[in-house]
Every structure is written in structure tokens, then in C-alpha cells.
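All remarks here apply to the structure that follows.
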Amino acid sequence: MRRVTSFRVFSPTPSGDGRVIPRWLRLRCFSAAAAVPLPEVPESLGSLATEEPEKKKEKKKRRRRLTKGSTSSSASGYSETAEIVRWNKVITGHMRWGRCEEASQAFDAMPRRTTVSWNAMLSGYITNDRFELALHVFRRMPHRDLVSWNTMISGFVRNGDLSSARRLFDEMPDRDIVSWNAMISAYAQYGQVDAAREMFDRAPVKNAITWNGLLAAYVQNGRLEAARKLFDSSPEWETVSWNAMLAGYVHRRRLEEARELFDRMPRRDVVSWNTMVSGYAQAGELGVARLLFDRAPTKDVFTWTAMLSGYAQNGMLEEARRVFDKMPEKNEVSWNAMIAGYVQHCRMEQAMELFGVMPCRNISSWNTMITGYAQNGELSHARKLFDEMPRRDSISWAAMIAGHSQSGLSEEALGLFIEMGRLGERLNRSAYTCALSTCADISALECGRQVHGRLVKAGYAAGCFVGNALLAMYCKCGSIDEAYDAFMEMPAKDVVTWNTMIAGFARHGFGREALEVFDWMLDLHTRPDDVTLVGVLSACGHAGLVEKGIGCFYAMERDFGITPKPQHYTCMIDLLGRAGRLGEAQVLMQSMPFEPDATMWGALLGASRIHGDTELGESAARRIFEMEPENSGMYVLLSNLYAAAGKWADVGRMRVMMRDKGVRKVPGFSWIEVQNVVHTFSVGDAAHPQKEEIYAFLEDLDRRLKKAGHVSVTKTVLHDVEEEEKEQMLKYHSERLAVAFGILRVPRGRPIRVIKNLRVCEDCHSAIKYISAMEGRLIILRDSNRFHHFSGGSCSCGDYW
DNA sequence: ATAGGGTTAG
């Protein structure tokens, strides 16, 4: 027995939902040989390809014309001598290159400062993300003109503080069209479409930018139909707005509509072409993308990079490399796209080679490499780069944390998270999400609570993404109450939120609550998806609601348009089998449109054990052994079945079979967290400092258990995977030790939470039920596939698991 | 010196 001051993990630690999909698997991985669709020649393209790239100077002139009359800028009251103008140019020059210090020195050295100088400092600090300094300048400046106010508004917006931006807008003595436009696009950017609309309606003057702001509000927030309606309502849009509309369709993969629009455009600029090229490239239609690419009358870095990354992401690395080598100019994005292409297809040597010669590495380049190594499990390489890089941002940390967590090194992952917070690194949403899912993986409830507290302080609690992670963390850490609280507090719930809550209740054995949440979801007109139905069906199974489950199963296709997947059939086999309707379960299995897999046979085997159908159990087990000969859990399940039927010879045979096949038994462990220390126990563990106390207590418990009517379920059965031992000191399974320790150390009135890496054995399950009644304690046990809440002599699993 | 569209990393 070890006492550890940090979190100890035994792999494989099952994740709460039983399956861990490594994030790198989700990366797009198409084989390089995948057929490329033949370029389909868009007829309408040829004739209309007249271009009129707007010159920068013209644009500027245009803009000046637009704003003229509505603004009275440079109302400084000072005449600007040529010398002052020169100084102001020096300031903006420094600021453009991020040299805030030098700009500040120039500002101080000037003989005289005009409002333009102050404004240059203000906007310089803002574009360089020195928000505090900008605010300081704004407060100190002797005279503010419209530009100062507008600049400060954009500063607040950039800093994510919409309400302050709005306050400034309301407070400013005078507003011009720029102020209105700034607010409209700010609301658009932060998803507040209605507020953007309101601003638009209230704006006393409107120009093309105003209109475009409203259009962007719709497009960027996925309200394409509204955007299109607006777009169609006016015949005159600038190319910028055409492009925004185009991008909206492309983003949603609605390429036909994008193309229809593109073909009709009166003028196309390089952005229009880029949007289309990248749209087709991202959709995997590289033939069409290439065709457009070849036809584009002007190409800039974006065009080339879009084409390059299209090839790279679809695994066509040679083509990507050809584009890369031919590019007339490359920026860091082009390099990063090429490197990312290699990384995503596990060609780390080539990625590294490119990274090594890259002239303009930025943080992203480092992050891409780190992510690549981390996702390939080469954590030492990742760490080396991480330590070497000149600056780290939250993405670098997140890549390291996620990498460790995906490689099963949850403890190190959490350690990194803590280190990150200690270094004062600004934690972003993804860092919190990452930390929460790590806590969930190792059932670190206390740590999860601390992360929760910190993210509330950081103001991230209302986010859907973080909220879902929080909810999942509490579910997986066995605190269904806190999960429910988190669920209730979420202002916006998406499908994932509902799914997580439903599955959480189901896994904890609270089927009825799960179904209530499901009904509530339907009431609110949230459309369930296939994951929802897995949760619902398993909830029905756990609550013994057979008819309801059957009803849902048949309703899913009819009412929700969801075709049942293998997981749904597994739930149904489990549900029917548990209810003793083994025949129906078999019929269902035969009528499925796919072959039964090992988990389905496993469900059938489990049901056979409960209902004592040795023959069916045997045949199910045979199929499992064929498919997964190393699955030790199934041998155990079958032995238990034999034992229940009194077939001791067969139990012996199973032991021999396991030995002959070399099936390795996974050692069983249980652990419990008491006052931030995780105590781990193995079977018959005798190394704990308080072992005398624990064993004495267990002996006493044993006596009282017998008196209360607990009969040892097994003596001969091959328990779980923990080997049966005869010695007195070794007779207790790890979960029993952990529970005993919990009763001794966890304050009365608080639940005792124990985690086990394998399934709980039948004898312990029965004993813990009695213990919960005798001691008047709530005991929550997470085993390898579900949660058991023991209280008052019964368990939330209803004795079936 | 302030407001609008397109590419990459997480």
C-alpha cells in the first residue's frame, strides 16, 4: 500500500464512458492514394472572369470619401508642423513593428504632442495587445477627439470586454459613423446578433461598412438564411460583402450555393478566388480547387497556402510539397501548413527537417511540432521542444497537457496544469477543459473541484464547452449531485450537455432521472442524436424499464430519424437479457444488419449468468474467445456462471484454460482520496501504516456482516481477476480495504468514494451493501464499467452489472 | 491615428 502525495494512476484506467478515443485519431487521415475527383469544369467560370483588383490607394481614397462630412477628425486645435508630422510617423512606424518601448521614447522626446500623437500611442498599444498601457494613455490624454474614443472602443472590443466598449460608446460626447460601425461589428464578432441588429437600426447614417457589419453578424453566427435574405434585399453590395456571403456558404460546406454566388459576382477580387479555392480544398475536392487555383488571375500568399493546406490535410503530401516549393513568397503560415501536413500524417522526420530550416518560426510552428510529438506519444521530444522554445502560450501548454493525458500519463498532465497556473500563465478555456477531462480520467474529484473554482473566477463558467467538461468531470468522478448542479447552472445547453447528463445518470444507475432529463430535452425541442439514444437506452436498462426501452428503440428511427448503430443494439441486448428475455435478445441479434461484436456477446453472457442459462452463456463465451482471446474479464464472467450453476469442474477447467492461453490477469487496485492524499490498495495489501487498525476493523465488520445475514457468495469462484488467496491476511479484496479505510477516515455524513480498476466482485458487492446499512454511510464505488451507489443496504445498480 | 471579407497551429 502506498501513500502518495500526488495522484497515482494505474493504467489502464477506464475512462468514464468506457472508451477513450485518442484525439489524434480524430485528425483527418486520408490515405495518399485516395482517389481525387476529376476536375469538373465549371462552365460559368470562363466567361465572367474579369477582374478588377482594387488598388490600395483607391481604397483609401474611397474610405476618406465615405467618412467625409460625418467626422471632424483632428480637431486638435493645433496646427501640425512638418516636424510634428515626422515625429508622429516615427511613433506609428515603431508601433507597426511592435516596438512599444521605442515608440514611447519618441513620444517623450517630442517637442510638442498633438492629439494625433496621443492617438498613435493609443492605437499602437492596442494593436500590440498592451491593453493596460492603452487605457493609461486614454486616461491621461489632455484632449480626446472622435478618433480617440473610437480607438478605445476597439481596444475594449479586442480585449473581449464588450460591456465596457458599450459604456464608452454611450458616454462619448459625440458619435460618428465609425463608432456605430465599430459597435455593430463588435456585437457581430461576439455572437450578439440581436444587439448588432439593434445598433444597425439605430445608426443615424449608414455606409457600406454598416451594411456589411450587419451581414457579417448573420453570416458569422451561422444565420445564413437571414444573411441571404438581407443580401438579396439590396442590389448593391461591395465585393467585401459578396466575399463574406461566399465565406458563409463555404464555411458550412454549402459549395453549390457558394459557387452559384461566385459565378454571379459582378467583380471578383483575389479574396473571392481564395475563398473558393480554400472551400473546395477543405472539402477534399482538390480537383476543382486546383482548377480554380490555376484560373485565378492573381494569386497571393493566401491562394498558395490554401491550395497547399488542402493537399496537406488530405494526405497528398507530395503535391503539397510541390506547391510549397513553387510558392513565390512564403510566410510563416505557409511553412506551418506544410509542417502541419507532415505532422498530421505522422511524418515527423520531414516535419522536423522543415522546422529546422524554417526562417520565420513563430509560436505556432513550435506548437505544431510539440503537438505532433505529443500525439505520437513521443513525449520526451515534445518536452525538449517545449523547454527550448523562446516563448510559450496557452496552446503550447494545452498541447503538452493533452499529450500526456492521451498517453495515459494523467498525473503528469495535471502536474503540468498546476505548474502552468503557478507560472501565472493565463489559462484559457481549452486549458481548463483539458484539465477537467484529465481530472475525470483519474477520478481526481478534489482537484476537479479546485479547477472548477478557478474557472469560475476566470469567468469561464458560462461557456458551453467548459460547462460540458465540468459536467462530465463530476459524472466521471462519481459526484452525480455536483454534476446535476453544474448542469442546472448552465445557461445554454447543447446536445452534448444533455447527452452527458443523461449518460451520467444512466451510468450511476439512476435510470428514471436520466429519462426525466430526456423528456425535458424533448420539451425544449432539442433534437436528440445517436449518442443521446445510447444514454437513454442504457438508462432504461439500468432502471429495468424494458417496455419503455423497446419503445424508444423503435421510436428512434421513426421519430428522430436516427438509424440504430451497433451500440444501440448492444444496449437492447443488455436490456432484454437483463429482464430475462434471452430469446428476444438472440432474435434481435440475428436480425441486426451487422455481425454481432464481442461487446454484444458479452452482454448476452452477462445476462446468461444472471439468469443461470449455462448453455447460452457458454456459446456466447465461445464467440468472445474467438474474437478476443486475451479478454480476461470474459473468462472470469464464464467461471462465475459455472460457479453459480455449481459446475465446479468447469470452473477448474477455466483456470487451466487461462493459464494455458497465457491470459494475463490484470492486478486489481482500488483507491480512495482522503484529504488530498490518494491511498491505493491491492488485494490483501499489508503495507499500509495503519494496517492493524484497518484489519481489526474489517474483522469486526465481518462478524457483524454475518450477524446481519450476509452470506459469503463465493469461496471457490474465481473472483474478478484478483486471485483467490487462502491466507487470513490476504482474504480481502482491494475495494473492501478501501471502503474500510474510508469509513475510518472520511468524516461521517460525507460520501465514501472508492475507485476500482476492475469490475467489483459479487461477494464484495453484497458485503458493501450490508456495510452501507450498518454504518449508515453512502458509499460510491466506480468500477471498470459503471458506478454503484450503496446506501441503506441496497445499490443503485439493482444488483446487475 | 479609428469601423468591413479570405489562409495555419490548439
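Note that the coordinates shown come from a computational prediction; the quantities given were computed from them, not determined experimentally.
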**Asked** Which residues satisfy the ring pair (Phe, Tyr, Trp, His ring centres under 6.0 Å) test with A:Y373, sequence neighbours excluded?
**Response** A:H381

**Prompt:** Taking the side chain of A:N212 as heavy atoms from C-beta outward, which of B:dG4, B:dA9, B:dT2 is closest to it?
**Reply:** B:dG4

**Rounded distance in Å - CE (A:M152) to P (B:dA3)** = 13 Å

**Message:** Exactly one of A:Y280, A:W273, A:Y249 should register a ring pair (Phe, Tyr, Trp, His ring centres under 6.0 Å) with A:F262. Which one does?
**Reply:** A:W273

**Request:** For A:N362, answer base if it contacts any base atom (sugar-phosphate contacts may also be present), sugar-phosphate if it contacts only those atoms, and nothing otherwise; contact means non-hydrogen atoms under 4.0 Å.
**Result:** nothing

**Message:** Could you check whether the side chain of A:D269 and the base of B:dG5 have a donor-acceptor pair of N or O atoms closer than 3.5 Å, going by distance alone?
**Reply:** yes

**Request:** To the nearest Å, give me how far apart CD (A:Q220) and P (B:dG4) are.
**Result:** 10 Å

**Complete:** Among the nucleotides B:dT7, B:dT2, B:dG10, whichever has the atom closest to the side chain of A:T305 is B:dT7

**Request:** Would you mind telling me which of B:dT8, B:dA1, B:dA3 lies closest to the side-chain atoms of A:D145?
**Result:** B:dA1

**Prompt:** Hey, are A:R197 and A:Y218 close enough side-chain-wise for a donor-acceptor pair under 3.5 Å?
**Reply:** yes

**Message:** Checking A:T115 against A:D145: is there a side-chain donor and acceptor pair closer than 3.5 Å?
**Reply:** no

**Item:** Whole-Å distance separating the CZ atom of A:F465 from the P atom of B:dG10
**Value:** 14 Å

**Item:** From B:dA3, B:dT7, B:dT8, nucleotide with atom closest to A:A337 side chain
**Value:** B:dT8

**Message:** Please report the distance, rounded to the nearest Å, between CG in A:L308 and P in B:dT8.
**Reply:** 10 Å

**Prompt:** Closest to the A:I209 side chain: B:dA9, B:dG4, B:dT7?
**Reply:** B:dG4

**Prompt:** With a 3.5 Å cut-off and just heavy-atom distances, do the side chain of A:E238 and the base of B:dG4 make a donor-acceptor pair?
**Reply:** yes

**Request:** Please report, rounded to the nearest Å, how far the P atom of B:dG4 is from the OH atom of A:Y190.
**Result:** 12 Å

**Prompt:** Can you find an N or O donor on one side and an acceptor on the other, under 3.5 Å apart, linking the side chain of A:N119 with the base of B:dA1?
**Reply:** yes

**Request:** Spell out, as yes or no, whether a donor-acceptor pair under 3.5 Å connects the side chain of A:R144 to the backbone of A:F138.
**Result:** yes

**Request:** From the options B:dA1, B:dA9, B:dT8, select the nucleotide whose nearest atom is closest to the side chain of A:T92.
**Result:** B:dA1

**Message:** Expressed as a whole number of angstroms, how long is the span from A:M348:CE to B:dA9:P?
**Reply:** 14 Å

**Item:** Side chains of A:N336 and A:N367, donor plus acceptor under 3.5 Å
**Value:** no

**Request:** Please tell me which of the listed nucleotides, B:dA9, B:dT2, B:dT7, lies nearest to the side chain of A:T151?
**Result:** B:dT2

**Asked** Looking for any heavy atom pair under 4.0 Å, which part of the strands does A:A340 touch: base, sugar-phosphate only, or nothing?
**Response** sugar-phosphate

**Asked** Any side-chain N or O of A:Q344 less than 4.0 Å from the OP1 or OP2 oxygen of B:dA9?
**Response** yes

**A:D300 CG to B:dT8 P, straight-line distance once rounded to whole Å** = 14 Å

**Complete:** Of the listed B:dA1, B:dG5, B:dG4, the closest approach to the A:V271 side chain comes from B:dG5

**Request:** Round to the nearest Å and state the distance from A:M338 atom CE to B:dT8 atom C1'.
**Result:** 13 Å

**Message:** Using OP1 and OP2 only, check whether a side-chain N or O of A:Q313 sits under 4.0 Å from B:dA9.
**Reply:** yes

**Selected nucleotide, minimal atom distance to A:V333 side chain, candidates B:dT2, B:dG5, B:dT8** = B:dT8

